[in-house]
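Some notes on the structure that comes next.
Residue numbers start from 1 in every chain, and the chains themselves are labelled A, B, ... in the order their sequence lines are given, proteins ahead of strands. All values below were derived from every heavy atom in this structure, side-chain atoms included, with hydrogens, water molecules and symmetry-related copies excluded.
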Number of protein chains: 2
Amino acid sequence: MSDPSFAPRPTLEAVAARAGVSRATASRVVNGSEGVRAPLVERVRQAVDELGYVPNQAARTLVTRRNDAIAVVVAEPETRFFTDPFFAQQVRGISKELTARDNQLVLLLTEGTADYERVGRYLAGGHVDGALIFSLHTDDSLPTLARRAGVPTVIGGRPGWTDSDSDHGTLYVDCDNRGGARDAVRHLLSIGRRTIAHIAGPLDQTASVDRLDGFRDVLPETDPALIAEGDFTPEGGASAMAELLRRRPDLDAVFAASDVMASGALRVLRTSGRRVPEDVAVVGFDDMVSVAEWTDPPLTTIRQDIEEMGRLMARLLLRAVAPSAGPQSVPALSSIVTPTQLVVRASA
Amino acid sequence: MSDPSFAPRPTLEAVAARAGVSRATASRVVNGSEGVRAPLVERVRQAVDELGYVPNQAARTLVTRRNDAIAVVVAEPETRFFTDPFFAQQVRGISKELTARDNQLVLLLTEGTADYERVGRYLAGGHVDGALIFSLHTDDSLPTLARRAGVPTVIGGRPGWTDSDSDHGTLYVDCDNRGGARDAVRHLLSIGRRTIAHIAGPLDQTASVDRLDGFRDVLPETDPALIAEGDFTPEGGASAMAELLRRRPDLDAVFAASDVMASGALRVLRTSGRRVPEDVAVVGFDDMVSVAEWTDPPLTTIRQDIEEMGRLMARLLLRAVAPSAGPQSVPALSSIVTPTQLVVRASA
DNA sequence: CTGAAAGCGCTAACAA
DNA sequence: TTGTTAGCGCTTTCAG
């Protein structure tokens, strides 16, 4: 394994020699340049095949200054990356888009801010052409860090900075959290519920805030006792539900800011003898199929197309990296907010 | 974002000039080489700081032939990578170990064998120093591909090839699936169960086969009707359970080859009016906390330390990549099988 | 249309 | 101990 007959990889030089052309011509063929006579192209191609030539990326990067690689930075002090299918799905979308455009995906996981320096160094080191950043908490310094490193960046989720801030032109992709939340609450109203509670996510994340805002858009007068903060885990959803039940035993509906929290809430509801949806209707958020379809009862929820969001992030970044797109107009890249959709199952 | 004042990164040359030394000396300081006089070291350090110098990795790789990057290849035609916390946890372990040793993690996701050619090219292109491969199905060609590319490789999980095959010296890390399965079944026996069923995983994966073998080690005479094949999803676990109930309504225990399948089984059991563990005792496998602790009732299961396995994989690979380890003895790297442990909760 | 030649930024002999 | 000198493999002007 360690010493596989040590055959040095063939170089462009070797290919050129074998094809009887200069290195320059060989290079042109390999890179699909125009203006090489057909017979030569053929000879070079053949040499490449026979030798099993694969270009050395380091050498290429050194001169072109392009890596064809982008970093995915996940800032997650907690273990969330690993319990939540959310990231995984997003990464999948990113991976698909990236490989379709012949780019590699370098994954940078951080375990707390101690790792930030390392990430900063890496980004500044020019290893990648751009970065996709997932930093969930509003005070996160990662985006700033990337900007300083001079690396084009797209953020997953709306950044927490206020618009007056230095976020000038920072690109992001997010779903319509606020609109989705409104739809959820309206659905609950439409099936006759009147005492609607909300289990929010951690309020230092914009997604949580936006969903809470959507809730309040529809129910501006809601009793504060009907709002509890969870942490996007089943446990958090469960204890928030318990708290709500204690404060307002008369509630007849709950809108949870995530399916995962909704599943915890469902458990507590069952334990406390409430029937779902008869006594208490429940709506989640995400449409995380592996969760929503398998709760008991299956969850009515707000769908966001997570994989698509990942794809969009990658596409946006790639465009930012290589400004040469259309004919000549510069379409001025902008952030993207994707639509959500109510999915009705049994819980509401 | 696209054009950030275009400040060209400083080169080693610039650092050397500023410190009034040669490029070679600057290089030595940057790479922590011994034998540079203290005052010079200091001057170079200062120049590095003032200029914000970061070494260009491409240039470095070109000459050292090291990338300080390893690829994690996940061969998963199905969507399993994204529904199963298993990989995620393993990736986390890998990431930790890698960053601790200043290596980067390049993630290569494949969506079916069409992508294999791309992966092969990438590996052969010398972008990475080694590869960690997760290929679940016994007929998978990825490991072969990596070997042909001449890239040191460690496989996650025991490969499916028989030993007579070309697997000579292929390294892998796996947990003691067979032993763990034996423990599960023995536990069931110890609490008085006599009609024990097994929900196996897909039998084209060695983990599934090994667990089934462990089951049979303890219960060699088991009625074949007591064994059903699932697919490591909750749905698969559910339908396997339904099938088992149909075939042997008298069963009083089930050992499922994964917690996720066990959760599906639990649902069916509840639906069919069986109490757990009173009527039917259930044991899972994995100790996927996010699953096992949150089923109703919480799952008794066999724990494997997934994150640790990831870490071990990375460590093993890194050692294979850089054979210069201890004094001079070559400890002959070998595969690793980690122990499992019975975790008793409420379901059995 | 093709080839010659000049580096990209860095490390590693080899000299001094 | 430090500096000088070759390249690593490739792309890209610039001539021819």
(message) Contact between A:Val128 and A:Tyr122 at the side-chain level, heavy atoms closer than 4.5 Å - yes or no?
(response) yes
(message) I want to confirm an ordering. Mapping B:Val63 and B:Ala24 to their closest nucleotides on DNA chain D, which one lands closer to the 5' end?
(response) B:Ala24
(request) To the nearest Å, give me how far apart CD (B:Glu13) and P (C:dC10) are. (result) 9 Å
(request) Whole angstrom is fine here: how far is it from CZ in A:Arg28 over to C1' in D:dC10? (result) 13 Å
(request) Would you classify A:Val36 as touching base, sugar-phosphate or nothing, given that sugar-phosphate means primed atoms plus P, OP1 and OP2, and contacts are heavy atoms under 4.0 Å? (result) sugar-phosphate
(message) At less than 3.5 Å, do the side-chain atoms of B:Arg23 and the base atoms of C:dT11 form a donor-acceptor pair?
(response) yes
(message) Quick one, B:Leu333 and B:Leu171 - any side-chain contact, counting heavy atoms below 4.5 Å?
(response) yes
(request) For D:dG9, take OP1 and OP2 only and decide whether either is under 4.0 Å from a side-chain N or O of A:Thr11. (result) no
(request) Determine, for B:Glu34 against B:Arg28, whether the closest basic-nitrogen to carboxylate-oxygen distance falls under 4.0 angstrom. (result) no
(message) Among D:dC10, C:dC10, D:dG9, which nucleotide has an atom closest to any side-chain atom of A:Leu12?
(response) D:dC10
(request) Check whether any side-chain N or O of B:Arg65 sits under 4.0 Å from OP1 or OP2 of D:dG9, and answer yes or no. (result) yes
(message) With a cut-off of less than 4.0 Å, is there a side-chain N or O of B:Thr64 near OP1 or OP2 of C:dT11?
(response) no
(request) Specify the separation, in whole Å, of atom CG of B:Leu62 and atom C1' of D:dG7. (result) 9 Å
(request) State, to 0.1 Å, how close B:Val154 and B:Tyr172 come at their nearest heavy-atom pair, and which atoms those are. (result) CG1-CA, 4.2 Å
(request) May I have the distance from A:Asn31 (atom CG) to D:dG9 (atom P), rounded to whole angstrom? (result) 17 Å
(request) Figure out the CZ/P separation between A:Arg9 and D:dC10, and round it to whole Å. (result) 11 Å
(request) Verify the neighbour count for atom CZ of A:Arg45: are there more than 12 heavy atoms of other residues, nucleotides or ligands below 6.0 Å? (result) no
(message) Let me check the geometry of the helix from C:dC1-D:dG16 to C:dA16-D:dT1. What is the bend angle between the axes at its two ends, five pairs each, to 10°?
(response) 40°
(message) Taking the side chain as everything from C-beta on, heavy atoms only, tell me whether B:Thr170 gets closer than 4.5 Å to B:Arg147.
(response) yes
(request) In sequence, state the C-alpha distance, the side-chain angles, and the governing distance for B:Thr99 and B:Asn103, and then conclude on side chain to side chain donor-acceptor pair (under 3.5 Å). (result) CA-CA 5 Å; B:Thr99 54; B:Asn103 268 285; over 6 Å; no
(request) Write down the atom of B:Ile133, the atom of B:Ala146, and the distance for their closest heavy-atom approach. (result) CD1-CB, 3.8 Å
(message) Tell me the interatomic distance from B:Gln57, atom CD, to D:dC8, atom C1', rounded to whole angstroms.
(response) 14 Å
(request) Could you tell me whether the phosphate oxygens of C:dG3, OP1 or OP2, come under 4.0 Å of any side-chain nitrogen or oxygen in A:Thr25? (result) yes
(message) With a 4.0 Å limit, can you tell me whether A:Arg37 has a side-chain N or O closer than that to the phosphate oxygens OP1/OP2 of C:dT2?
(response) yes
(request) May I ask you to evaluate whether A:Arg60 reaches the phosphate of D:dT11, defined as a side-chain N or O under 4.0 Å from OP1 or OP2? (result) yes
(request) Grab the CG-P distance between A:Asn56 and C:dC8 for me, whole Å please. (result) 18 Å
(request) Can you tell me the distance, in whole Å, between the CG atom of B:Asn67 and the C1' atom of D:dG9? (result) 14 Å
(message) Can you identify which nucleotide, out of C:dG3, D:dG9, D:dT12, has its nearest atom closest to the A:Ser27 side chain?
(response) D:dT12
